[in-house]
Amino acid sequence: MAVATHCPYCALQCGMHLRVDGDAVSVEARDFPTNRGGLCRKGWTSADLLDSPERLRTPLARSRRDAPLLPVSWDEALDRIVAGVRDAQRHGLDRVAVFGGGGLTNEKAYQLGKFARVALRTPNIDYNGRFCMSSAAAAGNRAFGVDRGLPFPLSDLPDAGAILLVGSNVAETMPPFMQWITAQRQRGGALIVVDPRRTPTARNATLHLQVTPGTDLALVNALLHIAITTGRVDPSYIAARTSGFDEVRRAVMAYWPERVEAITGVTVAEQHAAVDLLTNASSAMLLTARGAEQHANGTDTVSALINLALALGLPGRPGSGYGCLTGQGNGQGGREHGQKADQLPGYRRIDDPAARAHVADVWGIDPSALPGAGRSAYELLSSLGTDDGARALLVMGSNVAVSAPNVRRVRDRLAALDFLAVSDLVLSETAALADVVLPTAQWAEEGGTMTNLEGRVLLRSQAVAPPPGVRTDLEVIAALAARLGAPGLWPTEPEAVFDELRAASAGGIADYAGITYDRIAAEDGVFWPCPSADHPGTPRLFAERFATPDGRARFVAVEHRPAAEDIDEIYPVYLTTGRVLSQYQSGAQTRRVRALAAEPFVEIHPSLADVHDVSDGDLLRVVSRRGEARAPARVTDTIRADTVFMPFHWGDAGCANLVTHDALDPISRMPEFKVCAVRIEAVG
């Protein structure tokens, strides 16, 4: 039997078939529009985790904080969670918090948000997607009135005469994506990559701009400065479709190329070459990812890219526009339907009275019973166990003990809780700290929908049953809601939850009302917004108007500011972080797949290695003001001489987030993962 489904990892959500032959499950190719049969190593080995010996197969609990986790019955585990919740609620409803994940299906993300606000009546819910795409989301909303990662399908990429890719190494993070870049290059298109490292993606580029970490905004403002002063902007588009250009024009006049070369390390000639490639092409796309966004000025950096796109007249035109490459599997859908602290289903604002009334009606409660906005992800985590923070935390689909910045503080805050419950498929670093751990079903063991980086709603089909003793997250939520006496219905079948989600999203920005499981299967996914059964879906946005009240896109003047923590005599080296080909996110899944075995490392330039008398493979200590991480050196000339790189997939001594900075973007509340000041020390 072959079951059509999708890879459990990144937001490309590659189509695949699962071949089920008795107890054996294997992956087969599937010709799906996003990946056209291609998969990366993670996708090809994704079924290996289904029968991993590290799978959790029974609930675990500890009798006291210093006692070991031991097997318990489901009833005991659920009763313990309810008792922990009620003990915390004696100090206030907001003393219970929920933390979700960007890998949860739309149904689970929706139900978790409903559970927090209806069953727990707490404002404090957020998710690890806040660490992923929140800066791009904030910038997209203020410029376009809508946040959808790509406002066009992947199949449009080959039509772009030039692509500017800022802060993304897609050749490693989502390899099947590269077929679209290859097709674009084969048609004569140019690729410009902005990255402090000469990554496999950068090696495929026409032009690589090896920028100093944290200076992308200054660079993009300089590109717009050159475009304006050399007469390359599109005045008719600006006049007809935008507002606010004059203020931006005045702001970028301060970013003349020579000044920006001193800030960024990108030469004047390279800046002009980038503008030439973009403006000499018949069409162009500007794409960002975490390298540009995971900064304390990430929202403004994305706004600078959007300003450049608007000035060149790109959004809404064929083969052109601005887009963001979402990272997590359901990073898009996960934030659309209620996991974020300030949002309700359909991408509605929680402080909008009309939005509250609509969703409350679907949920069968009074709008006044809905709590307001809660704390954003890192603010929620860093306040745990404090005088005004949550005393009990429920975690579903996230491994914050590895993935959060300044993670030593987060681990201390988790230890300060009165009660911690975690639902996961393995004993992750976060689950290992919990009072109660619930074993959850995996992607192939349950159905549900995901929304990929294009805004295409996809269907994951159940291929096998969960192991005995394992329940789905929807079953867990329903059981807890019943024990807490929550009003309304709490279905456990994904399609029933999706039908409720459709009603809750109807009329919202992310309107799923016209999307059904049958349509998704028949049409290879449906693009939102799709407000009715006879609506075709919306693969391309902005052709006629933007989602702002006046239909015009908004320019936003933004200024470069240095990283929250710049280098100095004590910490003279920049650290930047990212992913590698074989691993995904915190590594809770991929580190348990034998075929993906890998170890942490510190990428260091030969000249910096010489200064510290370091050879390839030597153990290095990377030290910041927040802590230290240790990993072997990987000496390479593909990185800047003033910068080291660490992947963030490991939770032991090689955990990069022991070092990273927790400064937050004032708008998106995104932490500054991508740059901090460190010193390098050889160990032993």
Side-chain angles (χ1 to χ4, degrees), residues 130-131 133-143 166-167 194-196 209-226 228 244 247-266 271 286 288-309 311 322 324 376 378-379 405-406 554-577 624-626 640 642-643 659-678:
R130 179 76 69 169
F131 301 156
M133 234 186 106
S134 58
S135 291
N141 278 324
R142 70 180 182 182
V166 185
V194 179
D195 199 303
L209 306 180
Q210 198 162 16
V211 66
T212 301
T215 63
D216 302 290
L217 195 161
L219 174 62
V220 178
N221 273 359
L223 300 185
L224 181 52
H225 173 108
I226 294 169
I228 292 171
E247 185 179 355
V248 168
R249 179 181 52 77
R250 287 191 293 269
V252 300
M253 286 303 102
Y255 292 84
W256 58 92
E258 293 79 8
R259 178 196 173 205
V260 170
E261 178 178 339
I263 296 171
T264 66
V266 177
Q271 295 173 46
L286 313 184
T288 64
R290 308 302 82 72
E293 300 157 16
Q294 287 181 323
H295 295 273
N297 66 348
T299 301
D300 286 351
T301 298
V302 176
S303 288
L305 264 295
I306 293 174
N307 289 341
L308 178 59
Y322 162 79
C324 168
S376 71
Y378 185 75
E379 291 167 306
N406 191 8
R554 306 183 190 98
F555 280 95
V556 179
V558 289
E559 300 283 354
H560 165 73
R561 55 185 184 274
E565 180 180 76
D566 212 342
I567 55 175
D568 56 25
E569 291 184 358
I570 300 174
Y571 300 97
V573 178
Y574 293 110
L575 169 70
T576 190
T577 65
S624 77
R625 292 176 174 85
R626 289 154 298 284
R640 291 174 56 95
D642 59 359
T643 302
V659 183
T660 51
H661 206 296
D662 54 5
L664 299 181
D665 184 295
I667 300 169
S668 67
R669 317 310 289 168
M670 168 75 83
E672 186 147 275
F673 286 102
K674 281 297 185 281
V675 59
C676 68
V678 300

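These numbers come from a predicted model, not from an experiment.
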If you take all heavy atoms of [X] and [Y], which pair is closest and at what distance?
X: A143; Y: I306; value: CB-CG2, 3.7 Å
X: C324; Y: M133; value: SG-CG, 3.5 Å
X: Y574; Y: P213; value: CB-CG, 4.1 Å
X: P671; Y: H661; value: CB-O, 4.4 Å
X: Y378; Y: F131; value: N-CE2, 4.0 Å
X: R669; Y: S376; value: CB-OG, 3.3 Å

Give a yes or no on whether the backbone of [Y] and the side-chain of [X] come within a donor-acceptor separation of less than 3.5 Å.
X: E565; Y: C676; answer: no
X: R640; Y: Q210; answer: yes
X: R142; Y: R554; answer: no
X: R626; Y: P405; answer: no
X: R259; Y: A254; answer: yes
X: E247; Y: A557; answer: no

Supply the atom-to-atom distance [X] [atom1] to [Y] [atom2], rounded to the nearest 0.5 angstrom.
X: Q271; Y: E261; atom1: CD; atom2: CD; result: 7.0 Å
X: D216; Y: D300; atom1: CG; atom2: CG; result: 12.5 Å
X: L223; Y: Y255; atom1: CG; atom2: OH; result: 13.0 Å
X: D665; Y: N297; atom1: CG; atom2: CG; result: 7.0 Å
X: N307; Y: R249; atom1: CG; atom2: CZ; result: 13.0 Å
X: L217; Y: H560; atom1: CG; atom2: NE2; result: 7.5 Å

- Begin with the C-alpha distance, continue with both residues' side-chain angles, and end with the deciding distance and a verdict on side-chain contact (heavy atoms from CB on, under 4.5 Å) for Q294 and M670. CA-CA 6 Å; Q294 287 181 323; M670 168 75 83; 3.7 Å; yes

- Verify the neighbour count for atom CD of E559: are there more than 12 heavy atoms of other residues, nucleotides or ligands below 6.0 Å?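 Yes - once you tally the heavy atoms of other residues, nucleotides and ligands closer than 6.0 Å, there are more than 12.
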
- Query: With a 4.5 Å heavy-atom cut-off, do T576 and V675 have their side chains touching?
  - Reply: no

- Message: Against T299, only a single residue in P666, S134, S135 fulfils side-chain contact (heavy atoms from CB on, under 4.5 Å); can you say which?
- Response: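 Answer to the side-chain contact (heavy atoms from CB on, under 4.5 Å) test with T299 among P666, S134, S135: S135.
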
- For a side-chain contact (heavy atoms from CB on, under 4.5 Å) with V220, tell me which candidate from V260, L308, V252, V211 qualifies.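 With V220 as partner, side-chain contact (heavy atoms from CB on, under 4.5 Å) holds for just one option, L308.
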
- Message: Does D662 form a side-chain contact (heavy atoms from CB on, under 4.5 Å) with E672? I'd like the steps, not just the answer.
- Response: CA-CA 6 Å; D662 54 5; E672 186 147 275; over 6 Å; no

